[in-house]
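Below you'll find the structure, written out as structure tokens, and then a few comments.
Whatever order the structure lists them in is the order used to number ligands and atoms, beginning at 1.
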Amino acid sequence: MKVRKAIIPAAGLGTRFLPATKALAKEMLPIVDKPTIQFIVEEAKASGIEDILIITGKNKRSIEDHFDSVPELEQNLSEKHKTELLKVVQSTTDLGVNLYYSRQAHPNGLGDAVLQAKSFIADEPFIVMLGDDLMSDKVPLTKQLIDDYEKTHSSTIAVMRVPDKDVSKYGIIDPEQEQVPGLYNVKNFVEKPDVADAPSNLAIIGRYLLTPEIFDLLESQEPGAGNEIQLTDAIDRMNKTQRVFAHEFKGDRFDVGNKFGYVKTNIDYGLVHPEVKDELETYILDLAEKIQKKNKK
Ligand code: G1P
């Protein structure tokens, strides 16, 4: 069956970015000039996804507004012959995918957010995309998972090696042998283990391809880490009855879900952004020199 649908959970409170996220959805924080959620939607489209359900919550109305048209703005830009800007604005509505929204009243963890999509997904395999992780590779990571699925017809979770100090922030897999290079059988999936108990440093990153059997498991899932319904725990149970693979991502991952990662991603993306890259590079080189001089004193 073709993988056509994706879910983007976006109901989280974004407490790591307060006060910016007091009145603004964290998914709307820009990387240079584009909100993070737009990168996610574009990755879905580039991977052949047709329908996306965004799970929203309080303070998230700006996400719906962002993907809606603003006729006055478009008219103004067109009258002033600002054609490039007009194209930029139109690219937020001419996405080539259908967007749907569901507002979650009482968020209770990632597993609970995914469960909201049960009737939207019905009985198809689907993708979950977390907005905190931007991925860059020749083939989009979501498409890489879909390509795996077409061969294995199994759930496949994207993973990446992380330093030991970061292991306790992630879902971690206990890998068995590689099936083919980069694709692992998995013994166990563990949510946020202590580094001493962690079975590996292969961490779940924000892209999942799941078969619809996950929903029955989520419905009966007991709270886990943080006393929330964890998707990782339901995946671990599913792995006991049907094979769940882990796909090791070899491209670049930008974690925009924490302050340092967010600032770094703005710099990395700024260095390839046509409008700012030259000035930014000169600025960074000057700044590095100043910092070095200051540290020598
Ligand atoms: C979630 C998942 C975790 C995964 C991580 C990836 O955690 O629960 O398994 O490794 O996303 O970013 P969160 O970052 O929401 O705490």
Side-chain angles (χ1 to χ4, degrees), residues 6-17 21 25-27 29 36-37 39-40 43 54-57 60 104 107-117 127-136 141-142 145 155-175 184 186-195 197-210 214 217-218 221-239 244-249 251-262 264-265:
I7 308 171
I8 305 177
L13 296 175
T15 43
R16 284 182 202 151
F17 287 94
T21 47
K26 80 167 174 182
E27 294 75 12
L29 293 174
T36 55
I37 194 159
F39 287 97
I40 306 289
E43 180 188 323
I54 302 180
I55 313 288
T56 69
K60 302 287 179 163
Q104 195 183 8
N108 188 21
L110 180 58
D112 186 44
V114 170
L115 183 55
Q116 308 299 309
I127 295 284
V128 177
M129 308 177 81
L130 304 188
D132 283 348
D133 287 330
L134 303 188
M135 310 294 186
S136 171
L141 176 53
T142 294
L145 297 180
S155 295
T156 306
I157 316 301
V159 296
M160 201 168 187
R161 292 194 187 276
V162 296
D164 286 352
K165 69 173 176 40
D166 292 335
V167 152
S168 63
K169 297 179 192 156
Y170 292 94
I172 299 290
I173 67 161
D174 185 357
Y184 294 88
V186 180
K187 273 181 253 166
N188 296 299
F189 294 80
V190 197
E191 181 67 6
K192 302 201 171 87
D194 287 340
V195 64
D197 308 328
S200 76
N201 63 349
L202 280 168
I204 298 175
I205 51 174
R207 303 291 181 274
Y208 307 70
L209 191 154
L210 295 168
I214 196 72
L217 294 162
L218 283 171
Q221 187 61 50
E222 298 289 332
N227 207 25
E228 293 184 332
I229 307 295
Q230 295 295 348
L231 181 58
T232 305
D233 295 344
I235 290 171
D236 188 54
R237 282 166 64 217
M238 187 159 79
N239 189 39
V244 179
F245 289 108
H247 169 113
E248 187 174 357
F249 181 51
D252 295 317
R253 166 175 177 256
F254 299 89
D255 179 0
V256 298
N258 67 79
K259 287 181 190 126
F260 176 60
Y262 177 72
K264 210 154 65 84
T265 306

Hey, is [X] touching ligand 1 through its side chain, its backbone, both or neither, going by heavy atoms under 4.0 Å?
| X | result |
| --- | --- |
| Ile204 | both |
| Asp132 | neither |
| Asp255 | neither |

Any non-hydrogen protein atom less than 4.0 Å away from atom 16 (O) of ligand 1: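 Protein heavy atom within 4.0 Å of atom 16 (O) of ligand 1: present.
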Can you confirm whether some protein heavy atom lies under 4.0 Å from atom 12 (O) of ligand 1, or whether none does?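 Yes, at least one protein heavy atom sits under 4.0 Å from atom 12 (O) of ligand 1.
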Glu222 versus Ile229, closest heavy-atom pair with distance: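 Smallest interatomic distance, heavy atoms only, reads C-CD1, 4.1 Å.
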Contact check, side chains of [X] and [Y], non-hydrogen atoms, under 4.5 Å:
| X | Y | answer |
| --- | --- | --- |
| Leu210 | Ile157 | yes |
| Thr265 | Thr36 | no |
| Ile55 | Ile7 | yes |
| Thr232 | Ile204 | yes |
| Lys26 | Arg16 | no |

Is there a polar contact between ligand 1 and Gly171, counting only N or O atoms under 3.5 Å apart?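 Gly171 vs ligand 1: N/O contact under 3.5 Å present.
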Provide the number and element of each atom of ligand 1 under 4.0 Å from a heavy atom of [X].
| X | result |
| --- | --- |
| Gln230 | 8 (O) |
| Leu130 | 11 (O) |
| Thr232 | 9 (O) |

With Pro175 via side-chain contact (heavy atoms from CB on, under 4.5 Å) - residues at least two apart: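 Pro175: side-chain contact (heavy atoms from CB on, under 4.5 Å) contacts with Ile173, Tyr184, Ser200, Leu202.
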All side-chain contact (heavy atoms from CB on, under 4.5 Å) counterparts of Asp133, not counting sequence neighbours: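 side-chain contact (heavy atoms from CB on, under 4.5 Å) check on Asp133 returns Met135, Ile205, Arg207, Arg253, Asp255.
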Do me a favour and list the nearest non-hydrogen protein atom to atom 8 (O) of ligand 1 with residue, atom name and distance?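 In this structure, atom 8 (O) of ligand 1 has Glu191 OE2, 2.7 Å as its nearest protein heavy atom.
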Heavy-atom nearest option to atom 7 (O) of ligand 1, drawn from Met160, Arg253, Lys192, Lys169: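 Checking each option, the heavy atom nearest atom 7 (O) of ligand 1 is found in Lys192.
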